[in-house]
Every structure is written in structure tokens, then in C-alpha cells.
Amino acid sequence: MWQRLILFNTLIDSRFEDIKKQTWIKTTYRDMSAGLIVALTAIPMAMGFSMAMGLRPEQGIIAGALGCVIGRTWGGSKYQVYGPTAAFIPIIGGLIAKYGEAGGGSLAEAHGFLVFVSIIAGVILMSMGVFGLGKYAKLVPNSIIVGFTVGIAVAIALSNFESILGVESYQDLLGEDEDIKGGLLHNLTLAYGNIDKVNFWSVVLGLGTFFITKLLLRISIFIPAPLLAIATSTVLAATLLADKGVILVKDIYGSIPNNFFVFTPPILPAMTSGVALDIAYFVFGIVFVSAVESVLCSSMADRMANNRGTPFNPDKEFWGQGLVQVITPMVNGFPCTGALARTATSIKAGAVTPLAGYFKAIFKLSLAYYIASYLEMVPMACIGGILLWVASNMIKVSEIREVISHNRFHALLMTYTAIMVPVTDFLTGVLSALVIFFVAGRFFDKPFAGRRPAKAATGKDFEQPGIVSKPGYFNRVVIPLALTEHDNYLLRYAAQLTKSGIVGQPHFVFVETQQARAHLQPGIDPAKQMKQVVQQAFGSLEKATYQIVKAQSRLDTLVGYVFKNKIDLVLLGHQDHGNAHHSLAQRLAMLCGCSVWMVPENFDSRIQRIIAPIDFSPVSADSLTQAAAIAAQYKVPEILAIHVYDDESVVRYEEHELIKRGEEKVRFAEIMGSVDTHGVRINPLFMESIKAAEEILTEAANYQADLIVISTRGHSKAASILLGSVTSSVMSDAKIPVLAIKHYGAHLSLWQTLLSSHFLSRVEPKVN
């Protein structure tokens, strides 16, 4: 225990191991940008959660910022983002309703009582960490977690729908006049009885906020969708709808102060048997949610970030969670825990170390400080829309399907919990489900019943976009030269490709920009120099053209040359000492209507091992065919086809991986029906990671590959920045040659990219 205490209070530990001397600037920048993205998303969510609990909006901002600082300082995870979560809404909301104004008290008294029970819960969590009980949080079965999540989602959606309806008297309607422990039927009855008070424009704003948020997040997680949706609705409410009776935050809570931190001492009401039971109830609720969600979120974060270093420490995580629950409520906040959606967003945005949490807190408080006067103008309908979005995203069909597939007992347990939590209350629903599990589980919890993945369809036709050249052969190839010593390795590689029958007629081009002109040898004709260096590498070369083009931009000139001469391939070198050529290759792959083959400096090895990333799309089937054709030309017997997938499931059973791999094999079998292997064996590799480019490069190094063949659709710059591009990222960091196969069009615009990616049917990340 003493060793644990020393570890728990070691603030700079292995969680910061990814900050290295060589890369600390890049790592810090990634953490800072991730913190900014999460902060922009978290502000409206924190306000919504706080108001749903019966607290003031600024208290959610305080809780999220301070909870993240404390959790990132003393917690056990590198990546976890702490903040208000939906699972606390029925617990804290029930306490505030019972001991606040609705129960005959005041908000200050209710918050003081919340501080009291939260401190007790925090001490219990810290003690659990000291005694090494963190591992036991995993004993709560996934079926109860999923059922609890579904039940909470239903309760949130129904108990906060009055905000969207825009009713005039909040005290008489849904959830505002009662404690939130249950009351589902009562809420529905009140809603029907007050249908005449509904404000049409509030409904438009609330549902508009809901749909805008869902739509923007399906496009990209880098868009602060909740903030943009609320900003849009707030502007509408302040202008076009100013006289339509839309209720604003200030109408309910008054002005929002920007002096956030106010000390709140614990308050204990007069002790009775009822108060004692309530203390036990709320303490258990805070401990249960904190323990389960923190361990669940931490394990998900390690898996999502592909953490190859120190894994999260559940005991240290309990210690950090305990300090969050002790300190945060005393500074005008409330209990917080690990937030699944914000953690996932942070990792996808590039977070590497706990510094991202500190940046998130700084940005969140800074932004809130300067826009506090505008936050009070937010329509309450928007807050309802955000909470409705949260509720809808808490329910994941894939997780429900996995529980049902596990066995009938867990399916029934999940259903029971999902019904009991909103119909009765949190404690009744969860505790009774746990009792059923531990008592009846030994009799009915039988091994995995099995869910077989679907069989691969046979005879399925794929519509393949046409490619310019036949597989394994590029007829017209442009090779840009710099007329420096760096051309030698590129020309040797090009000669090798020509002799192997992959490259047909080469076109050698020197783009004479002002910068390139400075490197020319004085007194030597550039055209003569081009032919001389080509002859040294190729020997005799019958079909070849040489051209010198004076221009301001090398990129624009090469793009124009490709279109004018109907080029099939640009063969381009890049130098190790800079990334300018990396960037040129990326931009050419984006803009040109042809493929781009990027060759690193001094890399002239013969092709012996090929890796081909695929995403099961028809275009990746074409690039796999190209890879196989090139392998056949070099008499390479096999290639490695890698698919990196992002599994959105948070809760998992032991057989999850087996089922997922089975589904991957089925999809691979389907795509192979449209691939011409040219007699080359295709070995599939399926990897789970959100960092596809990083995983591809890692496996390429492990495989000792000397060529990566990957498809590209040529996204526009806007699409690449907003949506990301695996091909561009691979080209940016690759140490071996990369062949980016272009399939159609010069490049896709942002809108074309969205349509081709079917963003409307994407699964959104889980929200808690």
C-alpha cells in the first residue's frame, strides 16, 4: 500500500513517456490542438449536463475543466478526458431535486449536500485504489453496463424534452417538479396534458440543433459540432426569432458570471433515517459510475490509441477519480468521471500525453470567460437538442447486438436493467440487476452461444472505376528532375522499373524555377545535362522525351504537364533532409489525374516485399490488383493486404475479437472476387486502430516491405484538412517507396468526397 501511495502521488510518471527530447515540440503541439478541439465540443455539453442535473450552466464548465486537471494529474490513464457525463444526471439530478428548491430547500443547500456525499464517495474510491481494488470494477458485466446506458439515455431524452418544446412554466412540467428517480409515466402524462403550451419555434431550434450536431459530427470529429449548432440557433433566436417567445438560458438562470471558482463547503442536513439512506444511495451511485466508467473509458482509450507503452493503472485511476470527486464539487463543480466521447475525440485529434487534458482545461475556461455574456443568450431548446443528441448516441446497436449474441441470460439482464433504470430509479435498477447476476448467473450464465459471421456472397459484381493504364504497367511516365546529385537514386530506380516492364515511355522534365536555377551547374546546358544523367542511369533509351519548362511554381507546372500530355504516372523522388518533396508528392497525388510513385532518397533496392492497404472499397480492390501485377512482374510470390479498422464497440465479451475477425474475413473474401491476383498469393492482415496511417507504416516496417501500393481518390485540400487522408499521411511519413494509385477524376471536392464516403450512414462515436 505504501508503494501504491508513492506511485499515486508521483505526478510525472510513465504516462508522460511519449514526450521525448527529439519530438517534444511535435507532441506538445498535437496535445494542444487536441485540447482545443475537445474544449470547443465540451463547453455546450457541460452546460447541458449541468442544467439537466438542476445546477447552473457555469458549474458544468467549472467541473469539466477542474476535473480534467485533477484527473490528468493523479489519474492512471495517459489519454482519458474527464468531465461531466450523462450517467451522473439521474444521480445528481435526483439529489438536487430532493434537497433543492423543489424539495423545500435551496440550490446552495442541495449543492452543499452534494459536496458532502461526493467527498465520502471520493474517499471510498481513493481507499479502493490504495487497497488494489481497481481490477474488481471489471466484474460488472457488460450486459448491465449496456442496459444501464440505454436506461439513462431514455431517462435523459424524456426528462429534458421540455426544453425543446419551449413550454412557459418549467415548474409544472417534465422532470422539473419532482425528483428524477423514476417518474417516467408521470413525465409522459404531463407532456400530453401540456401540449397546448408548446412553442413551435423552440421545437424548430431544438430539433435543428440535434440534426446539425449529428450531421456535422458524421462529416468529421474535428468539427466542434455542438458549439456550431448552438451558435447558429442562438443567432437565429436573437435576430429572426427575437419576438417568438423562445425561452433563453438567462430567462431561467439569469446572467452567467465569469468568476467561476467559488468555494462550496459540505452541508449535512438534519440527520434522519431518510437522510442516512439518501447518503448511502448517492454515495453508491457516485462510486459505481466513477469506477465503472473510468475503467471502461481507460481501457477503451488504450485500445483506441494503440498504446504500446505503459497501460493504464486501474488502482491509480481510482485514486485520481477519488480526488476529482473530493475537490471538484468544493469549487462550485460536481462529480465527474472519464468521458468516452471526449476521450475518443481527443485521441483521434492526435492527443499523446496527459498534457492534452491541461490544454483542454485552459482553453475551456478561457473561452467560457470571454463568451460568458453570450452563453446566457442560448435558447433552452438548444440545450434540449444537445441532450437529445447525447441520449441518442449513448445507445449503440453494435453493443446491444453483442450482448444478445453472448447468451440469453445476459440479453435478458440487459433488457431488465434498461427498463428498470428509467421506470424506477438508478439504485433499484442497477442493484437489483447486480443481485440477479451474482445469484442466478452461476445457473444461467452459460458459455458463448455463438454468432456466426455472415457467409461471403458469391457472384457479386463490383463497379470498378476505370484506371488509365493496365495493371502493372504505366505507359506514359513523367520523371521530374532537379539536375542535382539527388537525381541519381531516382533515375536508378526508374531504370529498374523500365527494365522490369512496369514503366513505358518516360518523359523527363526540368521545371526551371528561380530556386531550381540556383542549383544549376554554371556553363552547362540544362538540356544536355538532363540527357547525360539519364544516359548514365539507363544506358541506351530509345523512347524518351526531354523538356525544360520555365515557371514560377513547380507544382502547377507538373499538374498542367500531366493533363496536357495524358500522363499515367508521376515518378518523384524526395530527399531525407526535408519534407518539401513529401509535400509535393502529396499535392500531386491530390491534384493530378494520374498515379504518383514517391521514391525516398538513396532507395534503389529491387522490389521484393509489397504491402497493399485496403478498405474493402472497389477502388482499393483496383489498387490490390495493381500491387499483384507489380509483384508478378518482379516474381514476388506473395503480398500483404492490410485492413485497419476502427471498432466503435466500447464494451466487449471475450469472443468479440473472434467475431470481428470473422466479419473481416468475409468482407475480404467478397473483395477478392473482383481482384485479379496475377498468380500472386494475397495474405490478409486485419488490425484494429484509429491511426490507420501509423499502423500501415508500422506493419510495413515489421514486414520489411520495400513498396506500399495504396489507392487515392485525390481529395481536395479542404477535404484532406477536414476529413483527413490516410494516403496523404502515409506518403508524408513513409521511409520506403509509396505508389498512390489514382482511379478517377483529377481530384474530388469536399462535397464529392462526402458523397463518396457515405457520411450520412456513418456510425457516430458513443457519447456518455
For this session: Tell me, with the steps shown, if Phe616 and Glu670 meet side-chain contact (heavy atoms from CB on, under 4.5 Å).
Result: CA-CA 8 Å; Phe616 300 137; Glu670 290 177 342; over 6 Å; no

Exercise. With a 4.5 Å limit on heavy-atom distance, are the side chains of Leu228 and Leu216 in contact?
Worked result: yes

Exercise. For Ile145, which of Val150, Val292, Val430 qualifies under side-chain contact (heavy atoms from CB on, under 4.5 Å)?
Worked result: Val292

Problem set entry | Atom pair CD1/CE of Ile347 and Met300 - distance to nearest 0.5 Å | 5.5 Å

Exercise. With distance as the sole criterion, is a donor-acceptor pair present between the side chains of Ser620 and Asp615 under 3.5 Å?
Worked result: yes

Exercise. Would you say the side chain of Thr677 lies within less than 4.5 Å of the side chain of Met672, judging by non-hydrogen atoms?
Worked result: yes

Exercise. Of the options Leu40, Val38, Ile37, which is the one that meets Lys360 in a side-chain contact (heavy atoms from CB on, under 4.5 Å)?
Worked result: Val38

Exercise. Considering all heavy atoms of both residues, which atom of Ala433 and which atom of Leu413 are nearest to each other, and what is their separation?
Worked result: O-CD1, 3.6 Å

For this session: Could you check if a side-chain atom of Cys594 sits within less than 4.5 angstrom of a side-chain atom of Phe474, using non-hydrogen atoms only?
Result: no

Exercise. Between atom CG of Asn393 and atom OG1 of Thr149, what is the distance when rounded to the nearest 0.5 Å?
Worked result: 12.5 Å

Exercise. Any side-chain heavy atom of Met731 sitting closer than 4.5 Å to one from Val596?
Worked result: yes

Problem set entry | Side-chain heavy-atom pair Phe409, Ser143 within 4.5 angstrom cut-off | no

Exercise. Under 3.5 Å, is there a donor-acceptor pair between the Thr343 and Gln80 side chains?
Worked result: no

For this session: Check whether any side-chain N or O of Thr625 sits under 3.5 Å from a backbone N or O of Asp676 as a donor-acceptor pair, and report yes or no.
Result: yes

Seminar exercise, completed: Between Ala34 and Ser346 the two heavy atoms that sit nearest each other are CB-O, 3.6 Å

Problem set entry | Side chain to side chain, Ile144 and Tyr416, heavy atoms closer than 4.5 Å | no

Problem set entry | Worked check of side-chain contact (heavy atoms from CB on, under 4.5 Å) between Lys214 and Ser392 | CA-CA 10 Å; Lys214 289 186 77 71; Ser392 70; 3.5 Å; yes

Exercise. Is there a donor-acceptor pair under 3.5 Å between the side chain of Asp302 and the backbone N or O of Phe312?
Worked result: yes

For this session: Could you tell me whether the side chain of Gln626 and the main chain of Gly472 form a donor-acceptor pair under 3.5 Å?
Result: yes

Exercise. How are the rings of His410 and Phe437 set relative to one another: parallel (under 30°), tilted (30 to 60°) or perpendicular (over 60°)?
Worked result: tilted

For this session: Classify the ring geometry between Phe288 and Phe148 as parallel (under 30°), tilted (30 to 60°) or perpendicular (over 60°).
Result: perpendicular

Problem set entry | side-chain contact (heavy atoms from CB on, under 4.5 Å) between Thr209 and Ile386, intermediate numbers included | CA-CA 7 Å; Thr209 302; Ile386 293 295; 3.8 Å; yes

Problem set entry | Check: His678 and Gln633 side chains under 4.5 Å, non-hydrogen atoms | no

Problem set entry | Separation of Asn683 CG from Glu638 CD (nearest 0.5 Å) | 4.5 Å

Problem set entry | Expected output: side-chain Asp31 to main-chain Val352 donor-acceptor under 3.5 Å | yes

Seminar exercise, completed: Between Ala229 and Ile212, the two heavy atoms sitting closest are CB-CG2, 3.8 Å

Problem set entry | Atom pair OH/CD1 of Tyr634 and Ile607 - distance to nearest 0.5 Å | 4.0 Å

For this session: Verify, without hydrogens or angle tests, whether Asp706 (side chain) and Arg609 (backbone) share a donor-acceptor contact under 3.5 angstrom.
Result: yes

Exercise. Can you name the closest pair of heavy atoms from Ser33 and Ala349 and give their distance?
Worked result: OG-O, 4.1 Å

Seminar exercise, completed: Note: Val675 and Ile671 closest approach over all heavy atoms is CG2-O, 3.4 Å

Exercise. Is any side-chain heavy atom of Ile736 less than 4.5 Å from a side-chain heavy atom of Leu707?
Worked result: no

Exercise. Closest approach of Gly429 and Thr417, non-hydrogen atoms and distance?
Worked result: O-CG2, 4.4 Å

Problem set entry | Backbone N/O of Pro224 and side chain of Thr41: donor-acceptor pair under 3.5 Å | no

Exercise. When Tyr645 is tested against each of Met687, Lys660, Glu663 for side-chain contact (heavy atoms from CB on, under 4.5 Å), which residue passes?
Worked result: Lys660

Exercise. Is there a donor-acceptor pair closer than 3.5 Å between any side-chain N or O of Arg15 and the backbone N or O of Gly75?
Worked result: yes

For this session: Measure the spacing between CZ of Phe88 and CD1 of Ile152 and express it to the nearest 0.5 Å.
Result: 11.0 Å

Exercise. Within the side chain of Asp315, is there an N or O that forms a donor-acceptor pair under 3.5 Å with the backbone of Gly134?
Worked result: yes

Exercise. Can you list the steps and then say if Ser623 with Ile710 is a side-chain contact (heavy atoms from CB on, under 4.5 Å)?
Worked result: CA-CA 6 Å; Ser623 64; Ile710 188 170; over 6 Å; no

Exercise. Just wondering, are more than 12 heavy atoms of other shown residues or ligands nearer than 6.0 Å to CZ in Phe444?
Worked result: no

Problem set entry | Spacing of CG belonging to Leu685 relative to CD1 belonging to Ile642, to within rounding of 0.5 Å | 5.0 Å

For this session: Answer yes if the side chains of Glu694 and Ser689 hold a donor-acceptor pair under 3.5 Å, and no otherwise.
Result: no

For this session: Look at the side chain of Ser299 and the backbone N and O of Val295, then say whether any donor-acceptor pair between them is shorter than 3.5 Å.
Result: yes

